[in-house]
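What follows is one structure encoded as structure tokens, with my remarks underneath.
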There are 2 protein chains.
Amino acid sequence: MGQPGLRERKKQKTRLALVDAALDLFAEQGYEATTVDQIAAAVDVSPRTFFRYFATKEDVALSLPHHGQEVMIAELAARPAEEPPFTALTQAMRALVTMLKEGDLTDSARFLKARELIENTPALLGGSVRRMMENEQRLVAEIARREGADRDDLLAHFVVALSMAVARVGFEFCHAEGEQAIDSLTNRLEATLALAERSLRPGWDRPADPA
Amino acid sequence: MGQPGLRERKKQKTRLALVDAALDLFAEQGYEATTVDQIAAAVDVSPRTFFRYFATKEDVALSLPHHGQEVMIAELAARPAEEPPFTALTQAMRALVTMLKEGDLTDSARFLKARELIENTPALLGGSVRRMMENEQRLVAEIARREGADRDDLLAHFVVALSMAVARVGFEFCHAEGEQAIDSLTNRLEATLALAERSLRPGWDRPADPA
DNA sequence: TAATTTATGACAGACACTGACAAGTGACAA
DNA sequence: TTGTCACTTGTCAGTGTCTGTCATAAATTA
């Protein structure tokens, strides 16, 4: 339970170094303009090794937000079963920003840096949303399970798709630096959640009562 | 105002031939497994020429749905100004399927073929969604203009994001052949729209009355 | 028919990504 | 400590996407 071993530590170090170098280079010269050769050179590693850590150049840019989504899925699974679907999903979103707030400041800075980059790079935005949609399938499955519904239940699809829409708008980049950036993100997310709450009928995320 | 000229006609013909050949090959061997060399060879054209018609291999697969989105944007601009935003957006969606229903049967068949392909190919799904998001910016701008709001108005973003969520669920591929496919698509879209209507509070897509 | 656009093909090259093999490095037991 | 084993890395060769460039052929216009 102590150290993960030298080999493992080295790997984590290289991985993080690659992410940092990539994010820096992307910010400097843009995503498309930087080659993986450059990233590898910055970390003093062969290009081949880069692809042993990340399947694609896109992956290194999306790695942090992708981790965020994993957190959200785990969080959803931990929500109490009686909680309505939409509530459970929004609570999972909140858990993500809470984690950012409580975690290391450099970690959250990296996360926000990646988010800004993604938003300003069409190619990355596409990849990012594609991953969201892959996760969407998992979320739908989880919601359907919780509600005892079918995997292709229209309501489950709708609830999740709507939640993802909220997440997309709520996590859009806010121009602010340092700690304020996270507060700014929190504010925007809460404002969006409030807007959603105000727009939706109570109980909309559960099957209509045929009374 | 008569013929568009021989040169232009030839170009349209080549373009359509490329789309058809590509869609066929993709369906046969999968998207990634087919090379642009193969597509070019099938139309008896140099690979370089392929890239004069389509910027990327992805583009040839996305070309039809992309055209559909252009139609939707044009349709939105034509909606009456007093119509609430969400209504205008959903009407624009309906206009798209109406166009498919009334148009040439081979055209709609091609469209549905492309949609099925995209849904079953993660890489294409990513590209497809990226384009949707680019269009989303245009839709937000149009909605904001109609409502006399700011381009970064939260409500405008929310309305459009939510509409796109509905569109995504509503346009998901339905397994049916020939004319039934379009009816099946219509049914699913209408069911999703009804679900949305049922879930949202009346007047949600306009600023709250501070009464 | 001659002059001017415009589409195309042929070629070379950059870059993302992959498979295969050899060499270096940490893990672990004798 | 040493030797073996597993794992990580670098090198090299190759495929496929996509781009710039230039010469040729075809269509348009005069």
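Here is how names work: the chains are called A, B, and so on, in the same order as the sequence lines, proteins then strands, and each is numbered from 1.
The interatomic distance linking B:Asp37 (CG) with C:dC11 (C1') rounds to 14 Å, in whole Å. Across the protein-nucleic acid pair, B:Gln38 atom CD and D:dT15 atom P stand 14 Å apart, rounded to whole Å. Distance A:Lys10 NZ to D:dC7 P: 16 Å, rounded to the nearest Å. Atom pair A:Leu25:CG and C:dC15:P shows a separation of 14 Å (rounding to whole Å applied). In this structure, A:Leu6 places its CG atom 15 Å from C1' of D:dA6, rounding to the nearest Å. For the pair A:Lys11 NZ and C:dT25 P, the computed distance is 17 Å after rounding to whole Å. One atom, CD of B:Glu32, and another, P of C:dC17, lie 12 Å apart when rounded to the nearest Å. Atom OH of A:Tyr53 and atom P of D:dC7 are 14 Å apart (whole Å).
Heavy atoms of B:Phe54 sit nowhere under 4.0 angstrom from any nucleic acid atom. A:Phe50 comes within 4.0 angstrom of no nucleic acid atom, judged by non-hydrogen atoms across all strands.
The side chain of A:Thr35 lies closest to C:dC15, out of D:dT8, C:dG9, C:dC15. For A:Thr56, the listed nucleotide lying nearest its side chain is C:dC17; candidates were D:dT8, D:dC12, C:dC17. The side chain of B:Arg48 sits closest to D:dG20 out of D:dT28, D:dG20, C:dA27. With D:dC22, D:dG10, D:dC18 as the candidates, the nucleotide lying closest to the side chain of A:Arg52 is D:dG10. Each of C:dC17, C:dG9, D:dC18 was ranked by its minimum atom distance to the side chain of A:Phe51; first place goes to C:dC17. Among C:dA7, C:dC17, D:dC18, the nucleotide with an atom closest to any side-chain atom of B:Lys57 is D:dC18.
In terms of position along DNA chain D, the nucleotide closest to B:Val36 lies nearer the 5' end than the nucleotide closest to the other residue of the pair B:Glu8 and B:Val36. Heavy-atom nearest nucleotides on DNA chain D were determined for A:Val45 and for B:Thr34, and the one closer to the 5' end corresponds to A:Val45. Annotation: of the two residues near DNA chain C, B:Arg7 and A:Glu58, the 5′-most nearest-nucleotide partner is B:Arg7.
A:Glu119 and A:Arg115 are joined by a salt bridge, as a carboxylate oxygen and a charged side-chain nitrogen come within less than 4.0 angstrom of each other.
Under the 3.5 Å distance criterion, with hydrogens and angles disregarded, no donor-acceptor pair is assigned to the side chains of B:Thr186 and B:Asp183. Judged purely by distance below 3.5 Å, without hydrogens or angles, the side chains of A:Lys101 and A:Ser108 never pair a donor atom with an acceptor atom. The closest side-chain donor-acceptor pair between A:Gln91 and A:Arg94 falls under 3.5 angstrom.
Relative to the ring axis of A:Phe51, A:Lys57 does not place its NZ or CZ within 45° and under 6.0 Å from the centre.
At the phosphate of D:dT9, neither OP1 nor OP2 sits under 4.0 Å from any side-chain N or O atom of A:Thr49.
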